Amino acid sequence: MLQLKNNFIFAPIKTGYSDKSGIITEKLIKFYEKRSKYIGAITPEPVYIDKSLREIPTQIGIDNDDKIEGLKKLTNKIHQYNTKVIAHLNHPGRMANPKLPGNFFWSSTDKACKNGGAIPEKMDREKMDIVIQLFVDSAKRAVASGFDMIELQFGHGYLMAQFISPAVNDRDDEYGGSFENRIKFPVEVAKAVREAVDIPIIARISGDEMIPDGFHIEDMAKFSQLLKTNGINAIHVSAGSVCSTPPWFFQHMFVPKGKTWELARQIKDEVNIPTIFVGQINRREDIENITKNYNADYIAIGRALIADPDFVGKCIKKVEGNIRPCLACAEGCLGGIKSGQGLQCLVNPEIGKETNVFTLADNSKHYAVVGGGLAGMEAVLTLKRRGHHVDLYEKNELGGQFNLAPLTPNKKSMAALVPYFVKELKNNNINVIYKEAVKSDLINNYDGVIIASGSKPANIKIPGLDKPFWAEILHKENLPKNKKVLIIGGGLIGVDIATALIPLNNQVIIVKRTTDFGEDMEMIAKILSLKMMKEKGTIFSDHTYIKKVEGSTIYADKNGKSIQFNDVDLIVVSTGMRSFNPLKDELRNDIPVYIVGDANKVGNAQNAIHDAYEQAINL
C-alpha cells in the first residue's frame, strides 16, 4: 500500500501556471498548497521529461537538474500538511504539441493521430533506449526533489499507449503485432524505472481506449499483472485516448459516469493490486458509492478539487459548508489551458488567483443586487464574505437563464449549480426580495446597486415571423415531438436546442449567417453535439439569411441564391443575446451603480460568475 494519511489523491491536471522555462512558480505552489491540507497525496501536473516533449508552453519540467530546487520548494510545502507528493512522468510521443517550436515526435508508428497532430518518426532501438533513459533520469530527479512516489503514464493515448494499442502500433518487428510484443517496450520502461528508484511506483493506464480496434480491459488486466510482477505498486485506472476519444480522457459530462469505476474494479479483482479509482468523482454520493460498492483502495479526484479546494475536507467532515460543484463541463479547466490563459473554472472564480489575499472591506456598506442569476448570486455571496450587508432582488426564479442549461440531453450535470447557490444564499442569511426592483426601492436605501439583470434575446425582424420560440422551448411542456423545426441561429443556444429536439423525432433544420455552427461552445461539447446532429440527419444551412415567412414556408437567401424551406411546423430563434439593464440610466445620477455579468457584456456562465466576483472584491 501507499501509506497515505487517507485514501484520497489529487489527480494530475495541467495548470499552465509555470513559465516557458518549466520552473515552479509561486502561483503553482499556492495552488497546490490550497488543496493539500485534507488529502492523502497530491499529484502535480504532468512534468515534461524533455523540453522538446511539452504539451503546453507553460508546463513544468523535470528534464534537468536545474529544476530540482523549485520542485523541492513545492514538495516541501505540500509535506508541511503530512501529504505525500507524486511525480507524474509522461512521454507524449506523437501527441507532443506540434505548435511548440523544437518539439519532436516519436511513436510506435509513423502515422499522425487522425484527429490532428504531427507526423511522428517510427522509433528504432536507439530511440527506445533514449526514452528509457529519459524516464530513468527523471525518476531519479523526482527522488532528489522530494517526491514520495512516481506515477508512470501508460495510458491516454501517449507514447506507452501508442505501443500497446493495436489501433496505433503498426510495427512488424518484435515490438508490434501480438499483445505480448506490443507491451514489451512499456514493460522495459517500467523495469528500468523500478531498478532506478526505491520509492513506490504507480502505473496509470487506460482500462479501455473506447474505440473498437483499440485495447480493452481484458488486455489491460494482463498488462497490469505483468506490471505487478515487475515491481509496480499500484494501478491507476482511467479510460480513453487524447487522440481518438478525448471525451473519455477528460471525463467530460457527455460520457457516462461510472465506466472507469467498473474498469478499476475489474483490475482490482483480477490482479489483486492496490487500485486507484478516478473519473467524474464530484459528489459526496460518488465517494460513498465507490467506497461501499466498489471497495476502492484509493480515490483520485481532479476537477472537483478545482471547483472546490476543500472538496475532500467537506466529504470527510473536516470542513463545514456546501460543496461548490464541478459540472464536468471542461469550460474553464480545458478551455483555459487551450486558450493559453491557464487553468480556470466555470464555477470557481478564485482559480489561478491563489496568490491574491481575500480581504474584508475597510468599511461595511449596504448594497442591493438586482437580478438573481449566476452573476447576481455570486456578487451577493462575495460581498457578504467581505463583510457587507446585501439584499438580492429577483422578480422570477433564482438562477435565471442558467436553469435552461441542464434541459439539454448531455448537460444534466449542470443542474447542480443553481441549487448550490440557493443553499449558499440561505446559509448566509441573504435577504432575497422577490419583486422587480424599481428606482424607489433603491434610492436612499443603499450605498450602491449592483445590476445583474442579465440579457434578453436579440430582436430579429422578419416579415411574417410571429411569436417564435426561444430557448424556453426546452421546457418539458414546450418540447415538440415529430415536428419539422427550423432553428434560426447556429451558435451555442441553437445547437443545444437542436440536441434536445432530435431525440424526440423532430426533423431539425439549422441556419446560420456564417459557417461556424456551435461558435463559442466548449470544444468537446461542440464536436459531440455536431456529430450527433449530423448522424441524425440535421440539415445545416450556412450563409443563409431568412427573408420572410409565409405559413409553413420560409424564404431565404443562401450565397446570393433564393431558397425555401417547406412544411415547417415550428420556428426557433437563437440569434444571440443583448444586455438588459433598464435601471442603469435611471439610477446613475442618484446612487453608485455597478453592472456585472450579461447586463454588462453578454458572455457565458463563466464570464458572468467571474465578472461578478471581480466587481465584488473591489467594492
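For clarity, every value in this text was computed on a predicted model and none was experimentally measured.
N97 and N103 share no side-chain donor-acceptor pair at under 3.5 Å. A donor atom on one side chain and an acceptor atom on the other are found under 3.5 Å apart for H216 and D208. Counting only N and O atoms by type, the side chains of Y446 and D391 include a donor and acceptor under 3.5 Å apart. Side-chain contact check for E350 and Y613: at least one donor-acceptor pair (N or O, by modelled atom type) lies under 3.5 Å. In this structure, a donor-acceptor pair under 3.5 Å is absent between the side chains of N566 and K484.
Although no hydrogens or angles enter the test, the distance criterion places a donor-acceptor pair under 3.5 Å between the side chain of R94 and the main chain of A112. At distances below 3.5 Å, not a single donor-acceptor pair connects side-chain atoms of Q507 with backbone N or O atoms of V485. The backbone N or O of K365 sits less than 3.5 Å from a side-chain atom of H388, completing a donor-acceptor pair. The closest donor-acceptor contact from the side chain of T408 to the backbone of A500 lies at 3.5 Å or more, if one exists at all. Side chain of W261 to backbone of G279: a donor-acceptor contact under 3.5 angstrom is found. Of the possible donor and acceptor atoms, one in the side chain of T538 sits under 3.5 Å from a partner among the backbone N and O of M533. Looking at E209, its side chain never comes within 3.5 Å of a backbone N or O of G214 through a donor-acceptor pair. Looking at D441, its side chain does come within 3.5 Å of a backbone N or O of V438 through a donor-acceptor pair. In this structure, D611 contributes its side chain and G597 its backbone to a donor-acceptor pair below 3.5 Å. Of the possible donor and acceptor atoms, none in the side chain of N506 sits under 3.5 Å from a partner among the backbone N and O of I502.
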For E397 and Y434: C-alpha separation, side-chain torsions, deciding distance, then whether side-chain hydrogen bond (donor to acceptor under 3.5 Å, both in side chains) applies. CA-CA 9 Å; E397 182 183 18; Y434 286 97; over 6 Å; no
Could you walk me through whether C329 and M253 pass the side-chain contact (heavy atoms from CB on, under 4.5 Å) check? CA-CA 6 Å; C329 62; M253 62 184 170; 4.1 Å; yes
Hey, mind stepping through E614 and K353 against salt bridge (Lys or Arg N to Asp or Glu O under 4.0 Å) and telling me if it holds? CA-CA 11 Å; E614 289 297 327; K353 303 183 179 91; 3.3 Å; yes
Would Y555 and I462 satisfy side-chain contact (heavy atoms from CB on, under 4.5 Å), going step by step from the backbone distance to the final call? CA-CA 10 Å; Y555 296 88; I462 297 172; over 6 Å; no
Is there a side-chain contact (heavy atoms from CB on, under 4.5 Å) between L442 and V370? Walk through the geometry before answering. CA-CA 10 Å; L442 306 171; V370 179; 4.2 Å; yes
After noting the C-alpha distance and the side-chain angles of K14 and L334, does the key distance pass the side-chain contact (heavy atoms from CB on, under 4.5 Å) rule? CA-CA 9 Å; K14 298 179 186 73; L334 177 57; over 6 Å; no
Could you walk me through whether D542 and R513 pass the salt bridge (Lys or Arg N to Asp or Glu O under 4.0 Å) test, one step at a time? CA-CA 6 Å; D542 56 14; R513 291 183 176 185; over 6 Å; no
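Side-chain contact check for S206 versus S241: every heavy-atom pair is 4.5 Å or farther apart. Side-chain contact between H543 and T514 is absent, with no heavy-atom pair separated by less than 4.5 Å. Residues F249 and S238 fail the side-chain proximity criterion, which asks for heavy atoms closer than 4.5 Å. In this structure, the side chains of I450 and Y367 come closer than 4.5 Å at one or more pairs of heavy atoms. Side-chain contact between I493 and M577 is present, with at least one heavy-atom pair separated by less than 4.5 Å. At a threshold of 4.5 Å between non-hydrogen side-chain atoms, the residues I451 and V449 count as touching. At least one side-chain heavy atom of E378 sits under 4.5 Å from a side-chain heavy atom of P349. L465 has its side chain within reach of V573: a pair of non-hydrogen atoms, C-beta onward, lies under 4.5 Å apart.
Distance check: N581 CG to I595 CD1 gives 5.0 Å after rounding to the nearest 0.5 Å. Separating the SG atom in C333 from the CG atom in L346 is a distance of 9.5 Å, to the nearest 0.5 Å. Rounding to the nearest 0.5 Å places CD of Q615 at 8.5 Å from CG of L383. Atoms CH2 and CD1, from W470 and I497 in turn, are 8.0 Å apart once rounded to the nearest 0.5 Å. In this structure, CG on L407 lies 11.0 Å from NZ on K476, to the nearest 0.5 angstrom. To the nearest 0.5 Å, atom CD1 of residue I306 and atom CD1 of residue I301 are 12.0 Å apart.
Pairing each heavy atom of V347 with each of L417, the nearest pair is CG1-CD1, 3.7 Å. Taking every heavy atom of both residues into account, L374 and A605 meet most closely at CD1-CB, 3.7 Å. Here the shortest heavy-atom pairing between I487 and S574 reads CG2-OG, 3.7 Å. Across all non-hydrogen atoms, the minimal contact from Q280 to A328 is OE1-CB, 4.0 Å. Contact between L492 and D520 at its shortest, heavy atoms only, is CD1-O, 4.3 Å. Taking all atoms of both residues into account, the shortest heavy-atom contact from A375 to A612 is O-CB, 3.1 Å.
Between K439 and D590, at least one side-chain nitrogen of the basic residue sits less than 4.0 Å from a carboxylate oxygen of the acidic one, meeting the salt-bridge criterion. Ion pairing of K526 with D516 is present here, as a side-chain N (NZ or NE/NH1/NH2) and a carboxylate O approach within less than 4.0 Å. Between K512 and E519 a salt bridge is recorded (basic side-chain N to carboxylate O distance below 4.0 Å).
Other residues, nucleotides and ligands contribute only 12 or fewer heavy atoms inside 6.0 Å of the NZ atom of K456. Surrounding CG of N444 are at most 12 heavy atoms belonging to other residues, nucleotides or ligands under 6.0 Å away. The environment of CD1 in I539 is crowded: more than 12 heavy-atom neighbours from other residues, nucleotides or ligands sit within 6.0 Å. Shown here is K435, whose NZ atom has more than 12 heavy atoms of other residues, nucleotides or ligands within 6.0 Å. At most 12 heavy atoms of other shown residues, nucleotides or ligands fall within 6.0 angstrom of atom NZ in K426.
The SG atoms of C243 and C113 lie less than 2.5 Å from each other.
Considering only residues two or more places apart in sequence or on other chains, Q606 meets the side chain to side chain donor-acceptor pair (under 3.5 Å) condition with Q344. Considering only residues two or more places apart in sequence or on other chains, T15 meets the side chain to side chain contact (heavy atoms under 4.5 Å, CB included) condition with Y17, L28, F31, Y32, E45, L343.
Two rings, from F254 and H252, have their centers less than 6.0 Å apart.
When I510, D557, I563 are each tested for a side-chain contact (heavy atoms from CB on, under 4.5 Å) with T544, only one passes: I563.
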